[in-house]
Amino acid sequence: MTAPDLTLTSLIADPYGGYTRLRADAPVHRVVGPDGLPFWLVTRYPDVRQALADPRLALDKAHAAPGNYRGFALPPALDANLLNMDPPDHTRIRRLVVRAFTPRRIAALHAPIEQVAGQLLDAMAPSGRADLLAAYAAPLPITVICDLLGVPEDDRHDFRAWTDTLITPDPQQPEAARAAVKAMLGFFTGLIERKRTEPGDDLLSDLIAVRDEQDGGGGLSEDELTSLAFLILFAGYENTVHLIANAVLALLTHPEQLAALRAEPELIDGAVEEFVRFDGPAPLAIRRFPREDVTIGGVTVPAGETVLLALGSANRDPGQFTDPDRLNLRRRENGHLALGHGIHYCLGAPLARMETAIALTALLRRFPALALDVPVERLRHRPTLRARGLLELPVRY
């Protein structure tokens, strides 16, 4: 079905209002993207959840019908990642990554994350005002993920600029995105070579060891190794930035929930689950392509056409959640889909949860008078459906 009276611009400006209208009208809609190509948008919770785990919906772009999908062009050395793979390649690589991305390694980051959060808050304190996104929500995850991978401090500022360019490309400057991709490829290639000669106690060194442990590459090609490093750094930074900032905004615009969390800090783990449901950083799951004609929500989607699963819509579906547009930090049943479902469930979910919990706990403890420094109507989000994130978050404290 064609989406009723809807433009992508309006959906970006008012995603949850738009999703409410779409869910009420039909479970699946045919929408024309900014590139002029159509895609199928799935909006209701049961259909999104089932589709996330449906093996007939492929991530591999080879299953896209000719002329149906353009997407974002990456060189092979950055494109051979888990977001473009199906079993058996996905199974093989995810198993190898899990060997290096262990719970022990994640747990060992707890104290360093607390330390970095404290240092950032110390730097913010004297001014009494700041853009929380630039001063706290962004530098904390980039520090954590770069420490995890073993990225030198001198390279971190460049990476943040490249990521911002790729997430929100300027259509007037297409060469900027191409330059960012080229720079990132050179960066990762050089970093891997340095880690080969001087390995450290970091995730990238462990992945290189997996790659090099056998003559056959340990089950990991060089392109797959480079692509993994790119994906872990890119996703581990970008999603957590927006999760932290969106959570802070949700608290500052729901004072009764902020008061509850201040009064009962032990609510934080459940609160993080509610933040990611209420306004998560990924409005859409990675695009999928039916291997055969597939019926979703009573609508037949032809093989090879592009399917987008609206995670943000599913997480506000009143058929699944009681009073879904209300932020409720004491919500007991919260089977949100913000971090995926099935074999493609987010590998970095435990780290993102821990970072967000530490970041919010430290922030609220340090600044009891934290408040927005501009009317909420003046806040602007990134003009894209790829990410749900603020451009800035001015606060006073």
Side-chain angles (χ1 to χ4, degrees), residues 72 74-83 97 100-101 105-106 108-109 111-113 115-120 123 131 133-170 173 175-212 220 222-245 281 347-348 351-352 355 359 387 389:
F72 190 75
L74 288 172
L78 298 181
D79 206 38
N81 63 64
L82 292 169
L83 298 185
V97 177
F101 208 78
R105 187 185 291 280
I106 300 304
L109 290 171
I113 293 172
Q115 181 180 8
V116 173
Q119 292 169 345
L120 292 170
D131 173 5
L133 189 72
Y136 190 62
L140 178 61
I142 195 65
T143 300
V144 171
I145 202 68
C146 285
D147 283 347
L148 177 68
L149 276 173
V151 177
E153 289 191 22
D154 292 345
D155 295 321
R156 298 179 183 187
H157 176 77
D158 287 342
F159 177 78
R160 184 174 169 190
W162 298 330
T163 301
D164 288 344
T165 298
L166 295 182
I167 285 292
T168 313
D170 184 347
Q173 296 182 312
E175 69 281 358
R178 290 192 290 269
V181 168
K182 183 178 180 180
M184 291 182 82
L185 177 56
F187 165 72
F188 282 111
T189 301
L191 181 61
I192 288 170
E193 287 307 309
R194 292 199 301 274
K195 291 288 181 183
R196 272 204 168 95
T197 57
E198 298 179 15
D201 183 19
D202 55 69
L203 178 60
L204 184 54
S205 294
D206 285 356
L207 289 172
I208 292 169
V210 169
R211 156 75 180 137
D212 296 345
L220 195 64
E222 195 69 15
D223 280 355
E224 289 168 346
L225 171 63
T226 309
S227 295
L228 266 178
F230 164 73
L231 177 62
I232 291 169
L233 197 53
F234 189 88
Y237 160 64
E238 187 67 23
N239 287 335
T240 311
V241 170
H242 299 319
L243 177 54
I244 293 171
L347 188 66
L351 178 58
E355 282 185 74

Asp202 side chain to Ser205 side chain, donor-acceptor N/O pair below 3.5 angstrom |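 Per modelled atom types, Asp202 and Ser205 side chains form a pair under 3.5 Å.
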Can you tell me how far [atom2] of [Y] sits from [atom1] of [X], rounded to the nearest 0.5 angstrom?
X: Leu78; Y: Leu231; atom1: CG; atom2: CG; value: 10.5 Å
X: Met184; Y: Thr165; atom1: CE; atom2: OG1; value: 9.5 Å
X: Asp206; Y: Asp201; atom1: CG; atom2: CG; value: 7.0 Å
X: Phe230; Y: Asp223; atom1: CZ; atom2: CG; value: 13.0 Å
X: Leu228; Y: Leu220; atom1: CG; atom2: CG; value: 6.0 Å
X: Leu233; Y: Leu204; atom1: CG; atom2: CG; value: 9.5 Å

Give the minimum heavy-atom separation between [X] and [Y], together with the two atoms involved.
X: Ile232; Y: Leu203; result: CD1-CD2, 3.9 Å
X: Ile192; Y: Ile208; result: O-CD1, 3.7 Å
X: Ala352; Y: Leu243; result: O-CD2, 4.3 Å
X: Ile113; Y: Glu355; result: CD1-CG, 3.7 Å
X: His242; Y: Ala387; result: CD2-CB, 4.0 Å
X: Leu120; Y: Ala135; result: CD2-O, 3.9 Å

Using modelled atom types only, decide if a donor and an acceptor are shared between the side chain of [X] and the backbone of [Y] within a distance under 3.5 Å.
X: Tyr136; Y: Ala245; result: no
X: Arg211; Y: Leu225; result: no
X: Thr197; Y: Arg194; result: yes

Check whether any side-chain heavy atom of Leu82 lies under 4.5 Å from a side-chain heavy atom of Ser227, and answer yes or no.
->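 With C-beta onward as the side chain, the pair stays apart.
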Any residue meeting ring pair (Phe, Tyr, Trp, His ring centres under 6.0 Å) with Tyr237, in chain and number order, not counting sequence neighbours |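 Partners of Tyr237 under the ring pair (Phe, Tyr, Trp, His ring centres under 6.0 Å) test: none.
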Are Trp162 and Phe187 an aromatic pair by the rule of ring centers under 6.0 Å?
->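 Ring-ring flag for Trp162/Phe187: true, centres closer than 6.0 Å.
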Pairs under 3.5 angstrom only: tabulate donor-acceptor contacts from the side chains of residues 140-151 to other protein residues two or more places apart or in another chain.
residue, atom, partner, partner atom, Å
Thr143, OG1, Pro139, O, 2.7
Asp147, OD1, Arg156, NH1, 3.2
Asp147, OD1, Arg156, NH2, 2.7

In terms of heavy-atom contacts, does CD of Glu153 have more than 12 from other residues, nucleotides or ligands at under 6.0 Å?
->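 No - once you tally the heavy atoms of other residues, nucleotides and ligands closer than 6.0 Å, there are 12 at most.
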